[in-house]
2 protein chains.
Amino acid sequence: MARPLKPLISIDAVVTAALELIDESGDFSLPKLAARIGVSQSSIYNHVSGREEILELVRGRITEGDPQALDLAPGVEATWEDVLRSEIRTYRENFARHPRAAPLMVMQTVRNPHVIALYERMASALEEAGFRGADVASALAMIDSFAIGAALDLAAPGNVWDVAPGTESALGRAVEGASKLADRAETAFEFGLEALMDGLRLRQGRLGR
Amino acid sequence: MARPLKPLISIDAVVTAALELIDESGDFSLPKLAARIGVSQSSIYNHVSGREEILELVRGRITEGDPQALDLAPGVEATWEDVLRSEIRTYRENFARHPRAAPLMVMQTVRNPHVIALYERMASALEEAGFRGADVASALAMIDSFAIGAALDLAAPGNVWDVAPGTESALGRAVEGASKLADRAETAFEFGLEALMDGLRLRQGRLGR
DNA sequence: ACCTGAACACCGTTCAAGT
DNA sequence: ACCTGAACACCGTTCAAGT
């Protein structure tokens, strides 16, 4: 076949196909990706450096859903808490739309500009709150863990802990209590988000000490 | 060679070799594992069901480091906060000794009894604090995210975010501030742990509301 | 019961050859 | 510039054959 008049592949098509593959089955391989695009495996390397870059592009696609505007009463300034809460929620909602994508991203360094920009907005909010230097980094690390954890939670199989049902134990009761909820992951996320915000607010109050 | 008089492999040896492999290089495959034990790849399946079980056994080995006793003044009862803080710290310290193991565990359901027991102790502490049912599960999910995040942080390459050094931005300043610290991950962990405990304590106070 | 070697169905990446 | 097919060096798992 050799070189066609019009390219058979575009980076965009690669990313779209990759995300479809991930959404459908949760696993993703170059052979499957090539098959879906209808092209040979090796030709993908003409557009992209390899698997890692594809996944990083997928991260971009997932995250680029515009940062939802904070709608506040006119004239009211958004507080650092508003901003932080909103960014975390957006981040998590983006992954909620592609639950199976999270596990594939965890182990890769974040290079995507959209995601970097998101963390930049959070870092600014933390500075506005009065946090400085390493404290900002620590807070970001915590937020990051929480957000990734929440995303992984969405991808996780029904039970994270292999506890026999009806077990008389605190963990058994917790698992049972959660299983009654329509959206266990959602509830856990909201609980965690508020606890996290409380924790930060409290530390902010002590900053001058 | 066929069946030897004394088994060439023991489950214990498999786990030890697997953990060595992980600690040294961070990656782990059955061919490499077999080579290290000095046995053929397929014979491993006589002792273990496959890759997943091996990793779950490794999780056990890492976690079984005895739960450090809380040493308190005699007669003083450990509060739920003491217990929680100590368990989280222990969990994270265990992974600190094997930083490269964390990424391999993230995507697997926890089946190991030692780890289940650890979560059971945390669930009890949360009940003692007054949390019930889904709230216990939510708090555990949050703690879990945090602990796993902290563990992944130890395994992560130097920079989690690909920010150009000297960038004039809040994120740039945060990264720079953190890079000055001898133990960035350690500092972030302590910051997060205290913020998390604060968040839980505050929610506990509102439980009766 | 426990080992081996061969086989199977996968991976990601490279590269000469074609137009 | 962009595609193909073949090749390479890996995976995890299964299974008949040996003692």
Side-chain angles (χ1 to χ4, degrees), chain A residues 1-59 100-101 103-109 111 157, chain B residues 1-59 100-101 103-109 111 157:
Chain A
M1 193 177 290
R3 165 150 126 93
L5 296 165
K6 241 213 137 202
L8 298 178
I9 317 182
S10 68
I11 289 199
D12 234 59
V14 168
V15 179
T16 302
L19 190 51
E20 281 170 16
L21 223 45
I22 293 168
D23 285 342
E24 284 164 20
S25 67
D27 61 325
F28 159 74
S29 75
L30 291 227
K32 279 169 193 152
L33 181 61
R36 173 167 290 249
I37 311 184
V39 91
S40 91
Q41 212 180 133
S42 52
S43 63
I44 293 176
Y45 287 83
N46 283 303
H47 301 264
V48 127
S49 69
R51 183 190 161 90
E52 188 175 332
E53 188 183 340
I54 298 175
L55 286 179
E56 203 48 28
L57 288 166
V58 168
R59 195 204 297 271
R100 304 197 210 233
L104 299 171
M105 317 269 117
V106 177
M107 300 170 55
Q108 280 195 153
T109 310
R111 289 181 220 282
Chain B
M1 195 177 291
R3 167 151 124 90
L5 296 164
K6 240 213 138 202
L8 297 179
I9 316 182
S10 68
I11 289 199
D12 234 58
V14 169
V15 179
T16 302
L19 190 49
E20 282 170 14
L21 225 42
I22 292 168
D23 284 343
E24 284 165 21
S25 67
D27 63 325
F28 158 74
S29 73
L30 291 229
K32 277 168 195 152
L33 181 61
R36 174 167 289 248
I37 311 183
V39 91
S40 91
Q41 209 178 137
S42 51
S43 63
I44 293 176
Y45 287 83
N46 283 304
H47 302 265
V48 126
S49 68
R51 182 188 162 91
E52 189 175 331
E53 188 182 342
I54 298 174
L55 286 179
E56 202 48 29
L57 288 166
V58 168
R59 196 205 297 273
R100 304 199 211 232
L104 299 171
M105 316 270 117
V106 177
M107 301 171 55
Q108 282 195 150
T109 310
R111 291 181 217 283

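No hydrogens, no waters, no symmetry mates; every other heavy atom, side chains included, goes into these values. Convention: sequence-line order gives letters A, B, ...; per-chain numbering from 1.
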Exercise. Closer than 4.0 Å, any side-chain N/O of B:His47 to the OP1 or OP2 of C:dA1?
Worked result: no
Between CG of A:Asp27 and P of C:dA9 the distance, given in whole Å, is 18 Å
Which pairs, protein N/O on one side and nucleotides 13-15 of chain D N/O on the other, fall under 3.5 Å?
from: D:dT13; atom 1: OP2; to: B:Tyr45; atom 2: OH; distance (Å): 2.7
from: D:dT13; atom 1: OP2; to: B:Arg51; atom 2: N; distance (Å): 2.9
from: D:dT13; atom 1: O5'; to: B:Tyr45; atom 2: OH; distance (Å): 3.1

Phosphate-side-chain proximity, A:Lys32 and C:dC11, N/O vs OP1/OP2 below 4.0 Å: yes
Residues pairing under salt bridge (Lys or Arg N to Asp or Glu O under 4.0 Å) where one sits in residues 44-53 of chain B, two or more places apart or in two chains, turn out to be B:Glu52-B:Arg111
A:Ile9 atom CD1 is separated from D:dA1 atom P, nearest whole Å, by 16 Å
By side-chain hydrogen bond (donor to acceptor under 3.5 Å, both in side chains), B:Ser29 pairs with (sequence neighbours left out) none
When rounded to whole Å, the CD1 to P distance for the pair B:Ile11 and C:dC2 reads 10 Å
Closest to the 5' end of DNA chain D, once B:Phe28 and A:Asn46 are matched to their nearest nucleotides, is A:Asn46
Residue set satisfying side-chain contact (heavy atoms from CB on, under 4.5 Å) with B:Ser42, at least two apart, ordered chain then number -> B:Ser40
So NE2 of B:His47 and CD1 of B:Ile11: to nearest 0.5 Å the spacing works out to 8.0 Å
Atom CD of A:Gln108 and atom C1' of C:dG12 are separated, to the nearest Å, by 13 Å
The complete set of side-chain hydrogen bond (donor to acceptor under 3.5 Å, both in side chains) pairs with one or both residues in residues 8-19 of chain A, sequence neighbours excluded, reads A:Thr16-A:Arg61
From CD1 of A:Ile44 across to C1' of D:dT4 the rounded distance in Å is 13 Å
Between CG of A:Leu21 and P of C:dC10 the distance, given in whole Å, is 14 Å
Taking every heavy atom of A:Arg59 against every heavy atom of A:Gln108, the minimum-distance pair comes out as NH2-O, 3.2 Å
Practice problem: Ignoring backbone atoms, test whether A:Ser29 places a side-chain nitrogen or oxygen under 4.0 Å from the OP1 or OP2 oxygen of C:dC11. | Solution: yes
Residues at least two apart in sequence or cross-chain that pass side-chain contact (heavy atoms from CB on, under 4.5 Å) with B:Val14, listed by chain then number, are B:Ile9, B:Leu33, B:Ile37, B:Ile54
Residue set satisfying side-chain contact (heavy atoms from CB on, under 4.5 Å) with B:Asp23, at least two apart, ordered chain then number -> B:Leu19, B:His98
Listed range with range, the stems formed with DNA chain C by at least 3 consecutive Watson-Crick or G-U pairs (under 3.5 Å) are C:4-8 with D:12-16, C:12-16 with D:4-8
By side-chain hydrogen bond (donor to acceptor under 3.5 Å, both in side chains), B:Asp27 pairs with (sequence neighbours left out) B:Ser25, B:Lys32
